[in-house]
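What follows is a short report on a single structure.
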Amino acid sequence: MVLVVLLGAAGFATNPVVVGEVVRLAGAGRALPMALATSAFQVGIALGSWAGGAALTSTLNTQGPPLAGTALALLALVPLGLLAATHRKAAPGGPSGPSAQGAQGEQAGQDLAVGHPADAHRVDPAPEPSARRR
């Protein structure tokens, strides 16, 4: 029972973090990516419930849902691995380590360990009126 409560608490805590990260990376066009992230959670809940029910009625009986949950958890690691590989490739100067971080220097708001490819697409604010061409 305690594990079920902890699982629910982790799910409630994960959703705002993921949607917040999507909004941060999306920049100006936030509505569609935010809707997609929320929809992905809903699809995951539906498919997970269906897989658990199907596993429970299978010949595995009570061993089916834990096995289905394990399979779905491992399947969720695939996009996470792809994201990690993308971040490593996008880091300036190749893989980053402690020596590479020292060479790059500290920059506020940037994750130097993995880099952020979305920073290349960031929309900068309009220049000050004095900096515009006359």
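In this chain, numbering begins with 1 at the start of the sequence shown.
Grouped by direct or indirect side-chain proximity (heavy atoms under 4.5 Å, Ile/Leu/Val/Met/Phe/Trp/Tyr only), Met34 sits with Val19, Val23. Under a 4.5 Å side-chain heavy-atom cut-off, the cluster of Ile, Leu, Val, Met, Phe, Trp and Tyr residues that includes Phe12 has no other member. Cluster partners of Leu82 are Val78, counting Ile, Leu, Val, Met, Phe, Trp and Tyr whose side-chain heavy atoms approach within less than 4.5 Å, directly or via other members.
The two residues Thr14 and Ala10 come nearest to each other via the heavy atoms OG1-O, 2.6 Å. Ala55 and Pro65 get closest at one heavy-atom pair: CB-N, 3.7 Å.
Proximity of a side-chain donor or acceptor of Thr57 to a complementary backbone N or O of Ala54 within less than 3.5 Å is detected.
Legend: residues meeting side chain to side chain contact (heavy atoms under 4.5 Å, CB included) with Leu77, ordered by chain and number and at least two apart, are Leu74, Leu80. Considering only residues two or more places apart in sequence or on other chains, Ser58 meets the side chain to side chain contact (heavy atoms under 4.5 Å, CB included) condition with Leu60. In this structure Ala26 satisfies the side chain to side chain contact (heavy atoms under 4.5 Å, CB included) test together with Arg30, Pro33, sequence neighbours excluded.
Leu56 contributes atom CG, which lies 11.0 Å from atom CD of Gln63 (distance to the nearest 0.5 angstrom).
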Enumerate donor-acceptor pairs with a distance under 3.5 Å from any side-chain N or O in residues 43-52 to protein atoms, sequence neighbours excluded.
residue: Ser49; atom: OG; partner: Ile45; partner atom: O; Å: 2.8

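The residue from Val17, Leu25, Val18 that alone fulfils the side chain to side chain contact (heavy atoms under 4.5 Å, CB included) condition with Glu21 is Leu25.
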